[in-house]
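Written out below as structure tokens is the structure these notes cover.
Numbered from 1 within each chain, the chains take letters A, B, ... in sequence-line order.
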There are 2 protein chains.
Amino acid sequence: MMSSSTSPPRTKAEIAELLGARDILPTAQRVELAALLLATQQHLSAEQVMSRAKIAGLVVSKATVYNTLGLFVERGIVREVIVDSARVFYDSNTDPHYHFYNVDDGTLGDVATVHVPIEQLPTPPAGTVTTGVDIVIRIRNRP
Amino acid sequence: MMSSSTSPPRTKAEIAELLGARDILPTAQRVELAALLLATQQHLSAEQVMSRAKIAGLVVSKATVYNTLGLFVERGIVREVIVDSARVFYDSNTDPHYHFYNVDDGTLGDVATVHVPIEQLPTPPAGTVTTGVDIVIRIRNRP
DNA sequence: TTAATTGCAAACATTTTGCAGGTTC
DNA sequence: GAACCTGCAAAATGTTTGCAATTAA
């Protein structure tokens with residue numbers, strides 16, 4: 001199984017291939033948004049994605065940014081991070097890991113799973129299955 | 001230090017006292033909302049609080065529910081739980097613990113900290129301090 | 001009586017949706 | 001050419017706010 005710690009796809013062809021592998025029709029907007037998102041390991045809100053797209057000269061509407069981010073989450077291209085009721089963050093690192101969330105900045109940082117060794121997980125309630133474990137370490141700038 | 005696992009305050013006088021201890025003026029709406037919230041250990045969204053208040057025959061506006069929940073969070077009467085981008089949950093259990101989140105139901109369950117033994121926490125980035133650790137175990141109903 | 005609180009409605013921010021026009025295979 | 005995608009604007013959600021009327025100490 002390939003890890004997203006592999007160096008990011010660089011060419012549009014590589015990105016188109018990556019999208020195709022997840023049954024995503026690689027339209028111009030999707031390829032460019034994926035290129036933007038996957039360029040580095042990062043955590044961006046939808047609004048940040050839009051502003052970076054605009055800065056990069058991309059022609060994408062707000063609706064398409066939201067639709068595309070939703071599709072990318074559904075297909076495992078990026079991961080949703082829920083730490084703040086005000087907005088969703090999209091994480092280009094889909095490998096298992098946890099997060100620091102700076103409530104002063106509104107910025108996210110990665111925490112490798114090895115840094116939070118968990119001895120055991122509780123059994124989920126009867127009739128349910130565990131689909132994931134999210135750990136958020138909330139931090140503040142020191143006064 | 002008192003734990004919220006103590007049996008809940010029952011009388012309005014007890015609740016008023018509890019609010020007063022946190023420098024919250026115990027108005028009728030606040031006392032009734034606190035009584036509703038603290039009756040048992042539970043996880044309610046603002047909308048659920050409003051609907052239960054209405055069912056209980058309370059006279060409270062939406063603005064007051066939101067203002068009061070915000071105040072209660074700030075003063076440690078209840079705790080915010082962020083697991084879903086669509087709404088905030090308010091947890092009447094303020095003792096340290098983690099959560100199951102059933103994404104099918106939108107329901108929360110408690111997980112005692114002893115059930116997720118963490119050997120160590122990572123050092124927060126320079127210039128920051130850790131203010132809390134949230135763990136959410138996402139579950140789904142078995143197919 | 002003076003400050004604090006409430007309620008209503010309007011404002012907000014984020015995200016979703018309907019639909020006409022454009023694109024892809 | 002059939003299915004799918006995009007963009008605009010409007011709608012939907014959940015939450016916050018301005019302000020006049022009410023209540024608390």
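As judged by a 4.0 angstrom heavy-atom cut-off over every strand, A:E47 is placed among residues making no nucleic acid contact. Across all strands shown, B:V59 has heavy atoms under 4.0 Å from sugar-phosphate atoms exclusively, and none from any base. Among the atoms of the strands shown, none is found under 4.0 Å from any heavy atom of B:A28.
Taking the nucleotide of DNA chain D with the nearest heavy atom to each of B:A86 and B:P26, the more 5' of the two is matched to B:A86. For B:V65 and A:M50, each mapped to the nucleotide of DNA chain C holding its nearest heavy atom, the one lying further toward the 5' end belongs to B:V65. Comparing B:T64 and B:S85 against DNA chain C, the residue whose closest nucleotide sits nearer the 5' end is B:T64. Residues B:Y90 and B:L25 both approach DNA chain D. Their nearest nucleotides, taken by heavy-atom distance, put B:Y90 toward the 5′ side.
Listed pair A:T27 / D:dT6 meets the phosphate criterion, a side-chain N or O lying under 4.0 Å from OP1 or OP2. One finds no side-chain N or O of B:R87 lying less than 4.0 angstrom from the OP1 or OP2 phosphate oxygen of D:dT13.
Here the straight-line distance linking atom OG1 of B:T107 with atom CZ of B:F100 works out to 11.0 Å at 0.5 Å rounding.
Rounded to an integer number of Å, the gap from CG of B:L19 to P of D:dA24 is 14 Å. Distance B:K62 NZ to D:dT17 P: 14 Å, rounded to the nearest Å. Between the CD1 atom of B:I82 and the P atom of D:dG14 there is a distance of 15 Å, rounded to whole Å. Atom CD of B:E74 and atom P of D:dT16 are 12 Å apart (whole Å). Atom P of nucleotide D:dA11 and atom OH of A:Y66 are separated by 19 Å, given to the nearest angstrom.
In this structure, the side chain of A:T68 engages the main chain of A:T64 through a donor-acceptor pair within 3.5 Å. A donor-acceptor pair is defined here as one N or O able to donate and one able to accept, closer than 3.5 Å; such a pair exists between the side chain of A:R30 and the backbone of A:L25.
For DNA chain C, the span of nucleotides reached by chain A at under 4.0 Å from its heavy atoms goes, 5' to 3', from C:dT14 to C:dC25.
Within the 4.5 Å cutoff, side-chain heavy atoms of A:Q42 are placed close to those of A:R52. Between A:V88 and A:S45 the shortest side-chain heavy-atom distance does not fall below 4.5 Å.
By the neighbour-count criterion of 12 heavy atoms within 6.0 Å, atom CD of B:E17 is sparsely surrounded, having that number or fewer from other residues, nucleotides or ligands.
Remark: B:H43 engages B:H99 in a ring-ring contact (aromatic ring centres under 6.0 Å, His included) (not counting sequence neighbours).
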